[in-house]
Amino acid sequence: MSGVPQNASKGAAQKTFYLETFGCQMNVHDSEKVVGTLVQEGYRQVETVEHADLVLYNTCSIRDKAEQKVFNRLSDYKKYKAQGKTFGVLGCVAQQEGEKIFERAPYVSLVCGSASYRKLPEMLHQLEDAQLQNSPQSPAIGSIDSNPSNTAKGGAPAPVVVTAAKTRDSGLAARDSLVRITGLDDRETDACFETEFTARTNPHRGYITIIEGCDKFCAYCVVPYTRGKERSRTSASVLAEARQMADLGYTEIQLLGQNVNSYKDSEGNPSKRKTFAELLAAVGEVPGIRRVRFMTSHPRDFGRDIVEAIDAVPALCDHVHLPVQSGSTRMLGAMQRLYTREQYLERIAWMKAAKREISITTDVIVGFPGETESDFAETLGLLEEVGYDAVFAFKYSPRPNTPSLKLEDAIPDAEKARRLDVLMARQREIQSTRYKRYIGTRCEVMVEARNDARGQYIGRTSHNKTLNFTAPQSENPKSGSYAPVVVTGSFPNSLLGELVV
Ligand code: 5AD
Ligand code: SF4
């Protein structure tokens with residue numbers, strides 16, 4: 001990650017860390033908080049594992065494949081442990097697997113869920129101290145636990161040193177002395193919102209988490225178990241952060257939450273509480289903010305007022321990501337999605353009736369237990385009916401703790417793969433047609449970067465489409481600036497254009 005602020009005060013012996021992030025935007029933003037916290041602690045971020053003292057993986061467990069990635073990484077890096085590097089697993093796999101990670105990846109010293117990131121400095125200090133004390137003569141695994149029963153004032157548990165237990169892995173014991181620390185505190189804390197130090201990686205566009213966790217318990221999903229109960233931030237603190245970002249020169253804000261539109265203002269004074277649509281509008285009216293996005297919306301909680309807010313406030317981007325998961329009401333029931341195909345389509349109809357054209361994108365799962373050819377055909381039909389601008393499709397992956405784990409995962413992987421291919425091919429055709437309609441129109445883009453190899457600039461439209469464009473040599477649109485571009489060509493996933501001068 002480049003462009004990360006570094007705390008230069010610590011001199012030559014400065015500790016270094018490498019952080020790799022997997023998964024969703026919530027994780028990306030959590031990583032920004034981790035980076036900010038560590039830099040404040042005097043660490044310097046480096047680009048490679050080789051150069052780091054501390055190696056951190058911020059993990060995702062939404063599908064098995066995502067979870068495997070981190071264990072592959074950790075098995076790759078055994079040799080680095082011999083060089084004295086410390087390995088830590090953060091995020092959803094940490095929360096889901098807990099101390100089991102130490103068994104699967106014995107080189108790991110730190111396991112920390114997202115609700116405990118504010119505790120990272122303290123945990124790292126304890127880890128360092130314990131590592132110093134833990135001599136090679138006593139090959140022990142010291143376990144330091146951030147124990148929920150040991151909750152400090154303010155609800156955040158304090159890490160405490162528990163016991164030092166001999167490892168059963170004699171190879172490991174002979175080879176190494178490991179000290180281990182876990183931060184897996186209660187996942188209901190609001191502490192995750194108010195992080196003092198956030199190293200935002202983009203100086204123009206930034207995230208604000210407004211709601212954490214999820215209470216929906218869709219049958220296939222680990223999120224309620226890894227991210228905990230749904231809890232919202234106060235609208236006052238969201239708006240304060242938005243104003244602060246605007247003062248720093250940010251012009252685009254993305255409001256984040258697993259179900260961002262399930263937001264319930266936790267403001268103490270009921271008369272000051274805002275609905276999600278009101279909060280959206282208020283952020284869109286912060287002076288200096290030109291674009292507001294929000295991700296991800298749940299169809300059950302998607303009210304007409306959100307569309308009305310988009311109509312009323314120009315800064316609200318005309319893009320809504322509304323995961324459908326399946327086009328079959330029968331499957332939606334089995335998935336415990338809390339809406340029918342018809343109710344979903346009603347929300348689509350509200351968006352299609354908006355004054356501005358709203359670009360709609362979605363997520364789909366194929367091969368959920370019991371999905372028949374006819375259920376799948378209903379999903380294909382829904383793609384046609386809605387006309388999505390992007391679809392993120394996944395093969396069903398059974399996950400620990402979830403209700404659907406009890407259902408037989410009877411659809412063979414090859415059949416899931418076939419359905420995925422059919423769906424993506426169909427969507428590609430739909431997108432090709434949809435993207436062509438923009439040719440000849442004029443769009444405002446936020447300039448993201450210059451692609452020197454292609455002699456193009458990369459822009460993003462309010463619809464959230466990538467619009468690559470050329471500009472005369474006399475012009476040099478800067479990253480973060482807004483520019484008018486006329487669309488001259490289209491591909492299934494992007495547009496091509498020329499700067500209007
Ligand atoms: N298997 C496959 N896809 C899943 N998703 C969530 N859980 C699973 C699972 N167990 C998908 C959903 C969700 C997206 C973020 O990931 O489509 O919207
Ligand atoms: Fe997972 Fe469903 Fe919650 Fe989304 S709404 S995070 S899919 S449980």
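We count ligands from 1, going down the list as the structure has it; atoms in each ligand are counted the same way. The chain is numbered in sequence order, starting from 1. Side-chain atoms are counted along with the backbone in the values below, which use heavy atoms only and exclude waters and symmetry mates. Quick caveat, the model's predicted, so the values are computed rather than measured.
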* **Charged N-O contact under 4.0 Å between R426 and E429** => yes
* Asked: Do S262 and K216 have side-chain N/O donor and acceptor atoms under 3.5 Å apart?
  -> yes
* Would you find a donor on one side and an acceptor on the other, under 3.5 Å apart, between the side chain of T251 and the backbone of I289? -> no
* To do: Ignoring hydrogens and angles, tell me if any N or O in the side chain of E384 forms a donor-acceptor pair with the backbone of G381 under 3.5 Å.
  => no
* Collect the protein residues that have a non-hydrogen atom under 4.0 Å from ligand 1 and hand them over in chain and number order. => I62, R63, Y220, Q325, D363, I365, F394, K395, Y396, S397, R399
* Going by distance alone, is a donor N or O of one side chain under 3.5 Å from an acceptor N or O of the other, for T361 and D389? -> no
* Under 2.8 Å from atom 3 (Fe) of ligand 2, which protein N, O or S atoms are there? Could you list them by chain and number? => C214 SG
* Asked: Does the S328 side chain pair with the main chain of R330, one donor and one acceptor, at a distance under 3.5 Å?
  -> yes
* Looking at D413, D409, D421, D64, which one forms a salt bridge (charged side-chain N to carboxylate O under 4.0 Å, His left out) with K395? -> D413
* **H204-S479 side chain donor-acceptor pair, cut-off 3.5 Å** => no
* Please confirm whether Y107 and F87 have ring centers closer than 6.0 angstrom. => no
* Is the backbone N or O of N261 less than 3.5 Å from a side-chain atom of H298, with the two atoms forming a donor-acceptor pair by type? -> no
* In terms of residue, atom name and distance, what is the protein heavy atom nearest to atom 7 (S) of ligand 2? -> Y220 OH, 3.4 Å
* To do: Check each atom of ligand 2 against the heavy atoms of R337 and keep those under 4.0 Å away; list them by number with element.
  => 2 (Fe), 5 (S), 7 (S)
